[in-house]
Amino acid sequence: MPELPEVEVVRAGLARWMTGTRIESVDVLHPRPVRRHQAGAADFAASLAGTSVVDVVRRGKFLWCELDSGQALLAHLGMSGQLLLRSQGAPDERHLRVRLRLAGGPDGAADGVARELRFIDQRMFGGLAVTSLVPTPDDLPAGRGGTGAVNWTSAVGGMTRSTGMTASSSALLPPPVLHVARDVLDPLLHEKALVARLRARHTAIKRALLDQTLVSGIGNIYADEALWRARMHGERPAQALTRPAVVRLLGHVRAVMTQALAQGGTSFDALYVNVNGESGYFERSLAVYGREGLPCRACGTPVRREAFMNRSSFSCPRCQPRPRPRRDARLR
DNA sequence: AATTAGCCCTGATTGC
DNA sequence: TGCAATCAGGGCTAAT
C-alpha cells in the first residue's frame with residue numbers, strides 16, 4: 001500500500017524519465033480511474049495529447065506532472081495503483097487502466113525506443129485526472145491564511161520536486177490537493193504548529209496521524225511502525241499527550257519513512273518506476289505491521305492485532321499498553 | 001466546526 | 001467442489 005516513501009520513489013522515477021517527454025496519445029481502458037476528471041474520459045485524453053512534462057511534484061500521497069499547458073496530470077495510487085514506464089508493444093498488464101504514449105525524453109533515454117506510461121490498478125481506489133494549478137498562500141486550512149505565524153516565503157511551496165525538496169517561485173497545487181498538509185520530510189513543515197494541532201484533536205493519536213489535513217503521507221503501515229518505535233498505543237487520546245511525546249512520535253515517523261525511502265531507492269531496472277508499495281524491500285524491516293502473533297522485535301512478546309476503523313492495528317501488548325479508560329477531564 | 005461511519009473496488013483467501 | 005463471506009484500506013461524502 002503506497003504511503004509517502006513509496007509515492008516519493010515513484011515521483012523520483014517519473015521525474016527522471018518523464019521530464020521533457022511529450023504525451024502523444026492516451027487510451028483510457030477503464031472509466032473508473034479517471035472518474036475524478038469531471039469532463040469525462042474523452043476530455044481527459046484530449047487534454048493530455050500534445051502536452052509535455054515540465055516537472056513532477058508530490059504532496060503527501062498525491063503526485064502530479066506539471067505540463068507545459070499550465071495544467072497538471074494528477075495521480076493517486078490508492079491501494080493498488082502503479083505507474084510503470086514500458087516500451088511500446090510490451091504486453092498489457094492484467095489491470096492496465098490507462099496508457100499514455102510518450103515521445104522524446106531526457107538525456108540518456110534517447111535510445112530510439114518509444115515508451116509508454118501505464119497506470120495499472122487492480123482495485124481502482126486510485127486514479128488520474130487533468131486539473132488546473134492554483135496558487136496557495138500556505139498550508140493552513142482554507143480561510144485561515146495569513147495568521148502571521150508563518151510568513152509567505154517560508155510557507156510557499158513545500159512540495160517535493162525533482163529539482164530539490166522545495167519550490168521557490170511556483171507554489172501551485174491541483175485543487176484536489178489544497179486540503180493536504182505537508183509531510184514530515186518536508187523542510188517547510190511547520191512542526192511546532194503541527195504538534196499543537198495534533199494535541200488539540202479530540203481523538204486517538206493514530207487517527208490524528210492518518211488525517212491528511214494535519215500531516216500527510218502517513219498510512220496504516222507507517223502509523224503502526226512509528227507508534228511501536230515510540231512505545232505508544234494508537235488509542236492514546238491525542239489531547240493527553242505531552243508536547244515532548246508528540247515531538248518524539250513525529251521523530252519516529254520521520255525516521256521510519258526515511259529508512260523506507262532509502263531502501264525503496266534501490267531500483268533494479270532504470271526504466272521501471274518502482275511502485276512496489278506492497279512488496280518493497282522495507283517489508284522485511286517492519287516491526288509490527290502484519291506480524292500478528294510473531295515476536296515483538298524489542299521484547300519478544302507476540303504482536304497483537306486489534307480492529308481499527310474497519311481494518312487492523314498491530315502493536316506490542318507489552319511495549320505499547322492500551323491506555324486506561326480515562327474519565328472525561330471536564331468532569332473532574 | 002469537528003469528528004466519525006460508510007462506501008467504493010477486485011482478487012486472494014478462508015469457511016461452510 | 002462451489003459458493004459466499006472476509007479482508008486489504010485511502011479518500012471522499014454524508015451524517016452526527
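Lettering follows sequence order; numbering is per chain, from 1. Everything numeric here is computed off the predicted structure, so don't read it as measured data.
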Visitor: State whether A:Asp183 and A:Lys61 are salt-bridged, where the test is any N-O pair (Lys NZ or Arg NE/NH1/NH2 against Asp/Glu carboxylate O) under 4.0 Å.
Guide: no

Visitor: Could you tell me whether the phosphate oxygens of C:dG11, OP1 or OP2, come under 4.0 Å of any side-chain nitrogen or oxygen in A:His76?
Guide: yes

Visitor: Between A:Ser80 and A:Asp121, is there a side-chain donor-acceptor contact under 3.5 Å, judged purely by atom types and distance?
Guide: yes

Visitor: Could you write out each protein N or O paired with an N or O of nucleotides 12-16 of chain C at a distance under 3.5 Å?
Guide:
| from | atom 1 | to | atom 2 | distance (Å) |
| --- | --- | --- | --- | --- |
| C:dC12 | OP2 | A:His179 | NE2 | 3.2 |

Visitor: Could you work out, with side chain to side chain contact (heavy atoms under 4.5 Å, CB included) as the rule, every residue matching A:Thr21, not counting sequence neighbours?
Guide: A:Met18, A:Val53, A:Leu102, A:Pro106

Visitor: Rounded to whole Å, please give me the gap between CD1 in A:Ile218 and C1' in C:dG11.
Guide: 16 Å

Visitor: Atom CG of A:Leu210 and atom C1' of C:dG10: how far apart are they, to the nearest Å?
Guide: 9 Å

Visitor: How would nucleotides 5-12 of chain B be written as a contact map, 5' to 3', with B for base contact, S for sugar-phosphate-only contact and - for no contact, using protein heavy atoms under 4.0 Å?
Guide: S--BBBSS

Visitor: State whether a side-chain donor-acceptor pair under 3.5 Å links A:Ser52 with A:Arg22.
Guide: no

Visitor: Can you check the A:Leu214 CG to C:dG11 C1' distance for me, whole Å?
Guide: 15 Å

Visitor: Round to a whole Å and report the spacing from CG of A:Asp211 to P of B:dA2.
Guide: 11 Å

Visitor: At what angle, to 10 degrees, do the two end axes of the helix from B:dA2-C:dT16 to B:dC16-C:dG2 meet, given five pairs define each axis?
Guide: 60°

Visitor: In whole Å, I'd like the distance from the CG atom of A:Leu63 to the C1' atom of C:dG11.
Guide: 15 Å

Visitor: Just do the side-chain contact (heavy atoms from CB on, under 4.5 Å) check on A:Thr131 and A:Val177 with the steps written out, would you?
Guide: CA-CA 10 Å; A:Thr131 73; A:Val177 183; over 6 Å; no

Visitor: Hey, is the side chain of A:Gln212 poking within less than 4.0 Å of OP1 or OP2 on C:dG11, counting only N and O atoms?
Guide: yes

Visitor: Once you round it to whole Å, what is the distance between C1' of B:dA1 and CZ of A:Arg197?
Guide: 13 Å

Visitor: Tell me which pairs pass salt bridge (charged side-chain N to carboxylate O under 4.0 Å, His left out) where either residue lies in residues 244-255 of chain A, with sequence neighbours left out.
Guide: A:Glu191-A:Arg254

Visitor: So does A:Asp186 pair up with A:Arg59, basic N to acidic O under 4.0 Å?
Guide: no

Visitor: Enter the distance from A:Thr51:OG1 to A:Ile23:CD1 here, rounded to the nearest 0.5 Å.
Guide: 4.0 Å

Visitor: Taking only distance into account, with no hydrogens and no angle test, what donor-acceptor pairs under 3.5 Å do side-chain atoms of residues 41-50 of chain A form with protein atoms, sequence neighbours excluded?
Guide:
| from | atom 1 | to | atom 2 | distance (Å) |
| --- | --- | --- | --- | --- |
| A:Asp43 | OD2 | A:His37 | NE2 | 2.7 |
| A:Asp43 | OD2 | A:Ser47 | OG | 3.2 |
| A:Ser47 | OG | A:Asp43 | O | 2.7 |

Visitor: Show your reasoning for whether side-chain contact (heavy atoms from CB on, under 4.5 Å) applies to A:Val9 and A:Leu261.
Guide: CA-CA 7 Å; A:Val9 168; A:Leu261 185 54; 3.8 Å; yes

Visitor: Does CZ in A:Arg35 sit with more than 12 non-hydrogen atoms of other residues, nucleotides or ligands closer than 6.0 Å?
Guide: yes

